[in-house]
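Below is one structure, written out as structure tokens, with a few remarks after it.
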Amino acid sequence: MTTYKTTPYEGQKPGTSGLRKKVRVFQQPGYAENFIQAVFDVVEPAPGAVLVIGGDGRYHNRTVIQQAIRMAAANGYGQVLVGQGGILSTPAASNVIRQYKASGGLILSASHNPGGPDEDFGIKYNIANGGPAPESVTDAIYARTQTIDRYLALDTPDIDLDTLGTVEVGACRVTVLDPVADYADLMERLFDFATIRAAVAGGLTMAFDAMHAVTGPYATEILEKRLGFAPGTVRNGVPLEDFGGHHPDPNMVHAKELFDLMFSEAAPDFGAASDGDGDRNLIVGKHRFVTPSDSLAMLAANAHLAPGYAKGLAGIARSMPTSAAADRVAASLGIPAFETPTGWKFFGNLLDAGMATICGEESAGTGSDHVREKDGLWAVLLWLNILAVRKISVDALARKHWAKFGRNYYARHDYEALPTEQADALMAALKASLGALPGRKVGPLRVETADSFSYLDPVDGSTSANQGLRVLFEGGSRIVFRLSGTGTQGATLRVYLERYEPVGGDLDRETPEMLADLIAAADELAGITRHTGRTAPDVVT
Ligand code: G16
């Protein structure tokens, strides 16, 4: 074992979901090592503890995995479980941590951000429940990165990551496991595969875009092999280190080909996509896009149709910027609805305490208590299960849902790569103005309340402040402003727009026209153009 001298790097503060930086930043000598050692120093693994390591297969994955194995062995872990080829989707990694009772896991991913030598990389630590480390742990990791002066590693050669089996690295057993099998079995326990298979045999068709990211092997095994969808149902199914040069972000912009297909004459019944590390999802029916917020509400309203949720839900949790559509479902089911800050880590306590069963976010994440991460394929399979049982199209299901609950028209406008000072100045000015907003008229809208969102965790009593600025209007419309915590270049301003149309109202209109007043109000309230010079968002989802 060698003790390597090192000095701290600035800026190793985990964001919404771990440390994300450009590959070139991670390639600096000791950069990844400092962060990993900081994790080990903070979590202080018990002698012989089990660590899971997996990644989304992006560029630089294998290099960091090999080093992480040498460091885990030097830091006293007794066993490392690593996905074959270094691959584990984020939900699959969460499952492996839980299933094999590991003390935690390192997930190497920058999620939906692009990959390649000039693109993004990331490292996230998950705790023993399988979920992202809470803020108390990530804050401690960050503090440690600022004082770190050494890291420990064995002087051993790289292991063969592509061959299943166990090898010794020093006193540590390193097991290369099949990344797909355990996860696919879990899905088969949660969902009614026989009913879905029957629907497929009866003509149900779908297209799944794996975006050359981690879900390709999972989707091929589950959708084509176990459920019987036709070969070719999974598109872009081979994981590539640079995702084929695209952003593996399943939205209308980056999954445009799938979108165009789903709105064409040749559309199959159901379309879906997942992101770089397999935790996000896109749901689009024939000629019907379902917003992630609506998807959460529709899944929650119908989850009892799947065997894994037949007993009903304990509660539904959503992040604050996610639309309130799921709250209406919770109210009708007579179960609690929770509103947390952005970041899956905030759902962990609610899930562990059995207070929530299904969680979701506007950022295309939905999941349940089966693991402690959001889960792209899980959402796809729950949709398929529901469609197969109800024998209904996505469009018809959405219309029935809105007829019963009303419709939350919703969009997110992103202003990317802003100079950080501009974005900070915009947020500071808006925050300072919040107190004076109630009662103010903005176009046809009147502000009811405005605040900076703060979350009191009902399980551990911790408080997380400054989690986004909210302007709520009379009638239930609202705008939320936040800076992204996952970008790697400058700042990204996210503007979340929501308008509620009650039952009997205008339920079948185009989203942009329904949100026009809110879009104008957002600029008037926050001075987006004044502060940034931008007149339109870069991405609308
Ligand atoms: C991560 C988090 C999500 C969050 C999303 C967007 O997703 O896990 O909880 O909603 O980032 O965060 P932000 O608005 O700060 O960019 P992922 O899929 O990138 O890991």
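First listed ligand is number 1; within each ligand, the first listed atom is number 1. Residue numbers start at 1 and run along the sequence shown.
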Q422 atom CD, neighbour heavy-atom count above 12 within 6.0 Å: yes
Counting heavy atoms under 4.0 Å, the part of D279 that contacts ligand 1 is side chain
Note: S17, heavy atoms under 4.0 Å from ligand 1, region reported as side chain
Tell me which protein heavy atom sits closest to [atom], plus the residue, atom name and distance to 0.1 Å.
atom                    : answer
atom 20 (O) of ligand 1 : R20 NH2, 2.9 Å
atom 17 (P) of ligand 1 : S111 OG, 3.1 Å
atom 11 (O) of ligand 1 : T486 CG2, 3.3 Å
atom 10 (O) of ligand 1 : S363 OG, 2.6 Å
atom 7 (O) of ligand 1  : K374 NZ, 2.8 Å

| message | Heavy-atom contact check, 4.0 Å cutoff: does G365 meet ligand 1? | response | no
Tested for side chain to side chain contact (heavy atoms under 4.5 Å, CB included) against F121, the lone hit among K21, R58, R24 is R58
Output the list of atoms in ligand 1 that are nearer than 4.0 Å to some heavy atom of [X], sorted by atom number.
X    : result
R482 : 13 (P), 14 (O), 15 (O)
G485 : 13 (P), 15 (O), 16 (O)
R494 : 13 (P), 14 (O), 16 (O)
H112 : 19 (O)
G343 : 9 (O)
T342 : 4 (C), 10 (O), 12 (O)

Of E362, R280, E361, R412, the one whose closest heavy atom lies nearest atom 6 (C) of ligand 1 is R280
In this structure, CZ of R20 is separated from NZ of K124 (nearest 0.5 Å) by 7.0 Å
So CD1 of I53 and CE of M71: to nearest 0.5 Å the spacing works out to 10.0 Å
Open item on the list: Please tell me whether F270 and F208 form a close aromatic pair, meaning their ring centres lie under 6.0 Å apart.
Closed with: no
Exercise. Are R470 and E339 within salt-bridge range, i.e. N to O under 4.0 Å?
Worked result: yes
NZ/NE/NH1/NH2 to OD/OE distance under 4.0 Å, R412 and E362: yes
Decide whether [X] and [Y] meet the rule of one side-chain donor and one side-chain acceptor closer than 3.5 Å.
X    : Y    : value
D294 : H401 : no
N61  : E241 : no
T488 : D120 : yes

